[in-house]
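First comes the structure, then the notes that go with it.
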Amino acid sequence: MNRKFDAIVVGGGHNGLTCGAYLARAGKRTLVLEQKPVVGGASVTEEFSPGFRASTYSYILGHLHPKVIAELELKKFGLEYSPQPDVFNPTEDDGIIFTANPARTREQIARFSRKDAENYPKFFERLQSSVEILRRLQLETPVNPFRGDPAGLWKTARFAWRYRKSEAAFYDLVRALSMSAHDYVSRWFEHDLVKAKFMFWGTMGTSDGPYAPGSAFCIVANLVGQIGMNFCKGGMGAVAETISASGAAHGMEVQCDAWVEEIRVQGGRAVGVRLRSGEEIDAGRVISAASAKCTFLHMVGAEHLPDDFVEDVKGIRARGNGFKILCAVDRLPQYKGFSAERTGVDYPAYAHICPTPEYLERAYQEARFGWYSSDPYLSPNVPTHTDPSLAPEGKHVVVIYGGVTPHELRNSDWDRERPQMVRNAFAVMDRFAPGFSKSVIDHKAITPKDIEADINMPGGNADHGELSLDQLFFMRPVPRYADYRSPVKNLYQTGASTHPGGSVSALPGHNAAREILNDWRWRA
Amino acid sequence: MSSHRKYDAIVVGGGHNGLTCGAYLARAGKRTLVLEQKPYVGGASVTEEFSPGYRASTYAFILGHLHPKVIEELELRKFGLEYYPQPNVFNPTKDDGIIFSKDPVKTREQIARFSQSDAENYPKFFARLQSTIEILRRLQLETPVNPFRKDPAGIMRTLGFAWRYRNAEKEVYNLLHALSMSAHDYVGQWFENDLVKAKFMFWATIGGNVGPYSPGTAFYLVTHLIGQTGMSFCKGGMGAIADALAASGEAHGMEIRCEAWVEEILVRDGRAYGVRLRSGEEIHASRVVSNVNVRRTFLDMVDRSHLPEAFVDDVEGFRARGMGFKLLCAVDRLPQYKGFSQEKTGVDYPAYAHICPTPEFLEQAFHDAKFGWYSQEPFLSPNVPSYTDPTLAPEGKHVVVFQGGVTPYELRNSDWDREGPQVVRNAFAVMDRFAPGFSDSVIDHKLITPKDIEADINMPGGNSQHGELTLDQIFFMRPVPRYADYRSPVKRLYQCGASTHPGGAVSAVPGQNAAREILKDWRWRA
C-alpha cells in the first residue's frame with residue numbers, strides 16, 4: 001500500500017521547501033523529497049575542510065523576500081543574519097566602497113570622479129525605477145498575453161490595467177533588457193573603477209560579458225533584494241533549515257536521500273512519484289522544484305508531453321560561467337589598497353575584484369571559445385568576519401566566487417584544469433591582497449560542471465536558465481507554462497527555472513504555492 | 001530673407017527614404033520639396049567615381065531589401081531601375097568553399113558537402129527562420145502601435161493589433177527568441193560545422209555593434225534575410241535607386257534642391273511651418289518631414305524649447321555605433337579564390353563572397369573594437385559589381401567593393417587618419433590569404449571608416465541603421481517611445497528615415513510608411 005499525500009514536492013532546495021511550507025500551512029499533507037542527505041540545494045553550508053564551514057553555492061543573503069520571512073516566521077524558527085552592506089572594489093593602491101546608503105556611496109565615488117558623484121543620484125533613480133517595477137512583477141504570476149479564453153483575456157486586461165501608469169518604468173526595464181551593462185553605466189559614469197563596480201553585478205546571470213546586450217538587466221536583477229546584503233549565521237544552510245523547520249511545525253514531512261526517478265502520470269494527471277528504491281508514493285498533486293530540463297526531459301515520460309513543449313524545454317539555455325573556491329585561511333586577507341579611514345569601514349569582508357570594465361569583459365573572451373580566464377574577476381567574502389562559528393579560533397573562511405569558467409572545456413576537462421584555474425584566481429588575489437595564497441590552509445574548487453553534478457543545476461547555471469528576455473516573465477521557463485503549471489494536470493513547477501528565476505528569494509516557491517492553492521479551491 | 005514660395009510638404013534629406021516619402025506625397029497631389037545637403041541625392045544609396053573611370057556603390061551595395069510594393073507603386077522600373085540577381089554568396093575556406101543560394105535545395109546540397117547532419121537540419125532551420133521572416137515582413141509595413149496610449153483611438157489600435165496577430169503566438173515567441181539569442185546560439189541549434197555556422201552568422205555582423213556571440217544578434221541574422229526582391233546588383237550602382245525614386249517623384253511634380261543645408265526646422269506655437277537654410281533663406285510648408293537621423297533632427301535642427309525634456313533625454317540615449325568599414329578597390333583582374341571550384345559550387349564566378357571561415361574568426365574580430373581598436377583579422381564581404389555591370393569600370397578592369405569589420409567609430413589613443421592605412425593592409429592580408437595576388441591587382445582604393453560615413457552622410461556614429469537594432473530601439477520604441485508612429489512632439493513635423501521603424505537598409509519602407517501616416521493626418525486636418 002503506497003504512502004499517500006496531498007502534495008509531493010520533488011527537490012528540497014529552498015524553493016521546494018518554501019512551496020511545501022506554504023502548502024503545509026494551508027493544511028495540505030505535504031512531503032518534500034530531497035535526493036541528497038541534506039536539504040537546501042544551492043542554499044547549503046558544508047564543512048569543506050575539518051573545522052571550516054562555508055556556504056557552498058549561494059553565499060549572500062539579500063534576495064530572500066521579506067514577505068516569506070514574515071509569513072513563514074523564519075526568524076522564530078532560527079533565521080539570523082548580520083548586515084554586510086559594504087562592497088569593496090580594490091585597486092592596487094586604493095579602493096571604493098558601495099554601500100546601502102546612497103549618500104555614503106556618493107562620497108566614495110566623489111573620491112574618484114566629481115562628475116560621477118554628481119550623476120550617481122540620477123543613476124540611482126533610474127535604477128530604482130526599474131528595481132521597483134521588477135519587485136512588483138516578481139510577486140506576480142506571469143500572464144500569458146496569447147490566452148484567448150475569457151479567463152485569460154480577463155487576466156491580460158487586469159494586468160494592463162494594473163500597469164497602466166508604469167509606462168516610463170516599463171521602457172526603462174526594456175532598456176535594461178536590451179543594453180549592455182557597460183552602456184548602461186556609461187550613460188552616467190566616466191571613471192573605470194566606478195563603472196566596473198556596478199558592472200560586476202551585470203556579470204551574474206548573463207551568458208555573455210558585460211559588454212553584451214541585456215547584461216544591464218542583470219545589474220537590476222541583482223539589486224532587487226529588499227533586506228539588504230547579509231551574511232547568514234551558520235551559512236546559507238540555515239535558510240533551508242529554518243524554512244524546513246517552519247514547514248515541519250505545520251506537518252510538512254521531509255525525506256532526504258530520496259532520489260525521484262519518475263513522476264508518475266495516469267490519464268494526463270500526475271498521481272505521484274517513483275523513487276530509485278522502487279517505492280511509489282501517491283499524491284493529489286506533484287510539484288517539481290528541480291530544473292525544467294531535469295523535470296520534463298528525465299522525470300516525466302515524453303509520451304505525456306506535447307512535442308513543441310519538449311522542444312521548448314530542450315531549447316532552454318542554461319550555461320553557468322562562474323566558479324566557487326572555498327578557502328580555509330589562517331589570517332584575514334589584507335588588501336593593500338584598503339584604508340579604514342578612506343572608506344569608513346573597519347574591514348572589507350565582501351569585495352569585488354574587477355578594476356576596469358575591460359578587465360571584466362576580457363575575462364569572458366576565453367570562455368566564449370571553451371577556455372577559462374587567465375585573469376578571472378573575483379568576489380571574495382569572509383563570512384567568518386561576522387560569524388566566527390564557521391572556523392576554528394583565529395582562523396577564517398574566504399569564499400571566492402569568480403569567473404569565467406565554461407561548463408565544457410575545449411580539448412581538455414576540469415579534472416585536468418582545476419588546479420590551474422585555482423592558481424589563476426590566487427594570483428589575482430595576491431595582486432590585490434599580497435600573501436593571500438600563503439594564508440590558504442586548504443581549499444575546495446567548484447566548477448559549473450561540479451555544480452551540475454552535485455545539485456542538478458543544468459550547465460551549473462545558478463538561475464537554472466540564463467536571464468535573457470526570451471527566458472523571463474511569461475516565457476519562463478517556457479511559453480504558455482510560466483504560471484507554475486505544466487502540460488500535465490496536477491503537476492506544478494517551482495524552483496529557479498520559474499519566474500522570477502534564481503537567487504535565494506523563495507519567490508518561485510511562494511508564487512507556485514499560491515497558484516496551487518488557487519487550483520485546489522476550484523478542484524479539490 | 002524669406003522666400004514666398006510655400007509648399008505643402010518639405011522633406012529634409014534626400015536619402016532614399018526621403019525621396020520615397022516625397023514621391024508618395026507628390027503622387028497624392030501635395031506640392032513637395034526635397035532638400036539635400038549634398039550636390040546629389042541618395043544618402044547612403046549612391047554611386048561615386050572613387051577613382052578615374054571606376055564607379056562603385058559607396059555605402060549600401062546590395063539591392064535586396066527594396067520593397068516590391070514601392071518598386072511597383074512608384075513605377076521604379078519605368079523610371080530606369082534595373083538590377084541583376086546575385087543570388088549566390090560564396091564563403092571561401094583556404095582549400096574549398098560553400099555557396100549560399102536562394103534555392104534551398106541547392107544550399108542544402110552545398111551544406112551536405114561539409115556536414116550530413118547539418119544538411120538534414122537545414123530545412124528545419126530554414127522553416128524556423130522563415131516563420132520569423134514572415135512576421136517581420138508583416139510588422140515592417142505596419143506603423144508601430146504604442147500599447148500605452150489610453151485615448152480611445154489608441155486603445156482601439158492596440159486591440160486591433162492584438163486581434164490581427166492573435167494567431168501569431170508561435171511566431172512572436174520565435175521572434176523574441178531571435179531578439180534574445182546570439183547568432184552563434186541560434187545557428188548552433190541546427191548546425192555543427194564551423195563553416196556552415198559562420199556562413200549564416202555573417203549576416204548577424206552587419207549593422208550591429210557587438211559580436212555574433214552576443215545576445216540579440218540572432219535578430220540581425222533574420223533582419224538581413226527579409227528582403228523580398230532577392231539579392232541583386234543594381235545597374236549603375238545603388239545611386240540608380242535614388243535616381244529612379246527622384247525621377248518617379250518629379251514626374252508628379254516633386255521638386256528637389258541639392259546643396260541645400262537645412263540649419264533649422266522652423267516651429268511656431270508647437271507647429272512646424274518650414275525650414276531655414278544655412279544661406280538664411282526660409283522656405284515655408286504646411287508640413288515638414290525629416291529623413292535625417294533622429295539625433296540630428298531633434299538635437300540640432302529643432303529648438304529645444306519646443307521639445308519635452310523626457311523626449312530629448314530619450315533621443316540622447318538613442319544608441320548608434322557603426323562598426324563596419326567600406327573599402328572600394330579598382331583592380332586590374334578578378335579576384336581568384338583558391339578555394340573556389342565551379343563544379344563543386346555550380347557557380348561560374350563568386351561575385352559576392354563572405355570571408356569568415358569560423359564563428360571564432362567573426363567574434364574575435366569584434367573583441368578589439370570593444371576597447372577602441374580595429375580587428376587584426378577583419379571579416380570581409382568582397383563583391384564584384386563590375387562582373388555583371390561592366391559599365392562601372394574601364395574595359396577589362398574591375399571594381400571590388402568590400403564591406404568589413406570591425407572598426408569602431410573612435411580609436412583609443414589614435415585616430416583614423418593615422419590608422420587607415422593599417423586597416424587596409426589588414427584587409428588585404430586576409431584577402432590575399434583566400435584570393436592570392438589580390439593586393440597586387442589593386443590599382444587604386446578608397447577606405448571609408450564609420451567616422452567618414454558620419455561626416456559624409458550624417459549617419460550617427462557611422463551606423464548604417466541610424467541606431468542599433470536592439471529590442472529597446474525597434475518597433476514601438478523606434479526611434480524613441482511614444483513617437484514610433486513617424487510623428488513627433490512638434491505638430492506637423494514627421495520622421496521618415498532609417499531612425500524610424502523598420503530601420504536601416506535600402507528598403508524604402510520607412511519612407512513609404514511615413515507618407516501613409518502623413519496623408520492620413522492630412523485627410524483629417526488639411
Side-chain angles (χ1 to χ4, degrees), chain A residues 144-148 153 156 160 163-168 170-180 182-183 187 206-209 211-217 308 311-312 314-315 317 319 356-358 361-362 364-365 367-370 410 466-472 474-475 478-480, chain B residues 146-150 155 158 162 165-170 172-182 184-185 188-189 208-211 213-219 310 313-314 316-317 319 321 358-360 363-364 366-367 369-372 468-474 476-477 480-482:
Chain A
N144 173 1
F146 283 97
R147 271 183 61 180
L153 292 170
T156 308
Y163 287 90
R164 69 191 181 283
K165 296 206 174 66
S166 306
E167 184 170 11
F170 170 83
Y171 293 136
D172 285 341
L173 186 61
V174 174
R175 289 197 178 99
L177 281 160
S178 315
M179 291 172 74
S180 75
H182 184 242
D183 288 342
R187 265 202 89 175
T206 62
S207 62
D208 206 29
Y211 280 57
S215 48
F217 177 75
D308 58 350
E311 175 100 352
D312 286 343
K314 284 183 181 154
R317 302 184 304 285
R319 287 159 295 188
T356 66
E358 183 166 341
E361 178 63 24
R362 287 203 181 277
Y364 276 85
Q365 185 64 357
R368 294 188 177 104
F369 313 119
R410 181 189 278 182
E466 294 145 28
L467 301 179
S468 74
L469 175 73
D470 64 337
Q471 303 195 146
L472 289 169
F474 66 92
M475 290 178 79
V478 296
R480 301 190 190 87
Chain B
N146 173 358
F148 283 97
R149 269 183 62 178
K150 290 177 205 75
I155 292 171
T158 307
Y165 288 87
R166 68 191 180 286
N167 296 328
E169 181 172 14
K170 198 103 194 76
V172 168
Y173 292 139
N174 287 338
L175 183 58
L176 286 170
H177 284 309
L179 279 161
S180 314
M181 292 173 76
S182 74
H184 185 239
D185 289 342
Q189 297 177 101
N209 75 309
V210 289
Y213 282 55
S214 293
T217 47
F219 180 70
D313 184 60
D314 286 348
E316 284 171 340
R319 302 184 304 285
R321 286 157 296 188
T358 65
E360 184 165 347
E363 180 66 24
Q364 289 287 13
F366 276 88
H367 195 54
K370 291 172 192 155
F371 316 118
E468 296 142 30
L469 299 178
T470 53
L471 178 72
D472 63 334
Q473 300 197 150
I474 56 175
F476 65 92
M477 289 177 79
V480 298
R482 299 185 188 84

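In what follows, every chain begins at residue 1, and chains take the letters A, B, ... in the order their sequences are listed.
- For the residue pair H184(B) / R368(A), no side-chain donor-acceptor distance below 3.5 Å is found, with atom types taken as modelled.
- In this structure, no portion of Y364(A) lies under 4.5 Å from any heavy atom of chain B.
- Chain B forms more heavy-atom pairs under 4.5 Å with one residue of P213(A), A212(A), G148(A) than with any other, namely P213(A).
- Top candidate by heavy-atom pairs under 4.5 Å with chain B, chosen from K314(A), K165(A), E361(A), is E361(A).
- In this structure the side chain of E167(A) never reaches within 4.5 angstrom of the side chain of P481(B), judged on heavy atoms.
- With rounding to the nearest 0.5 angstrom, the CZ atom of R166(B) is 12.0 Å from the CG atom of L153(A).
- Between the OG atom of S180(B) and the CZ atom of R317(A) there is a distance of 6.5 Å, given to the nearest 0.5 Å.
- Atoms OG1 and CG, on T470(B) and L469(A) in that order, are 11.5 Å from each other to the nearest 0.5 Å.
- To the nearest 0.5 Å, the span separating CG on D185(B) from CZ on R319(A) amounts to 4.0 Å.
- Contacts between D208(A) and chain B at a heavy-atom distance below 4.5 Å involve the side chain alone, from C-beta outward.
- A donor-acceptor pair under 3.5 Å is absent between the side-chain atoms of K370(B) and the main chain of R362(A), judged by distance alone.
- For Y163(A), the ring pair (Phe, Tyr, Trp, His ring centres under 6.0 Å) test picks out F159(A), with sequence neighbours left out.
- Aromatic pair F369(A)/Y213(B): centroids less than 6.0 angstrom apart.
- Between the OG atom in S180(A) and the CZ atom in R319(B) there is a gap of 7.5 Å [rounded to 0.5 Å].
- Rounding to the nearest 0.5 angstrom, the gap separating the CG atom in L179(B) from the CG atom in L177(A) is 11.5 Å.
- The side-chain hydrogen bond (donor to acceptor under 3.5 Å, both in side chains) search around D313(B) returns R126(A), R187(A), not counting sequence neighbours.
- Neither the backbone nor the side chain of R147(A) comes within less than 4.5 Å of any heavy atom of chain B.
- Classified by interplanar angle (parallel below 30°, tilted 30° to 60°, perpendicular above 60°), the ring pair Y171(A)/F148(B) is perpendicular.
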message = Applying side chain to side chain contact (heavy atoms under 4.5 Å, CB included) to F146(A) and V172(B), what does each step give before you reach the verdict?
response = CA-CA 10 Å; F146(A) 283 97; V172(B) 168; 3.6 Å; yes

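- Looking at F371(B) and Y211(A), their side chains come closer than 4.5 Å, going by heavy atoms from C-beta outward.
- With a threshold of 4.5 angstrom between heavy atoms, Q473(B) does not approach chain A through any atom at all.
- Proximity to chain B involves both the backbone and the side chain of R480(A), based on heavy atoms less than 4.5 angstrom apart.
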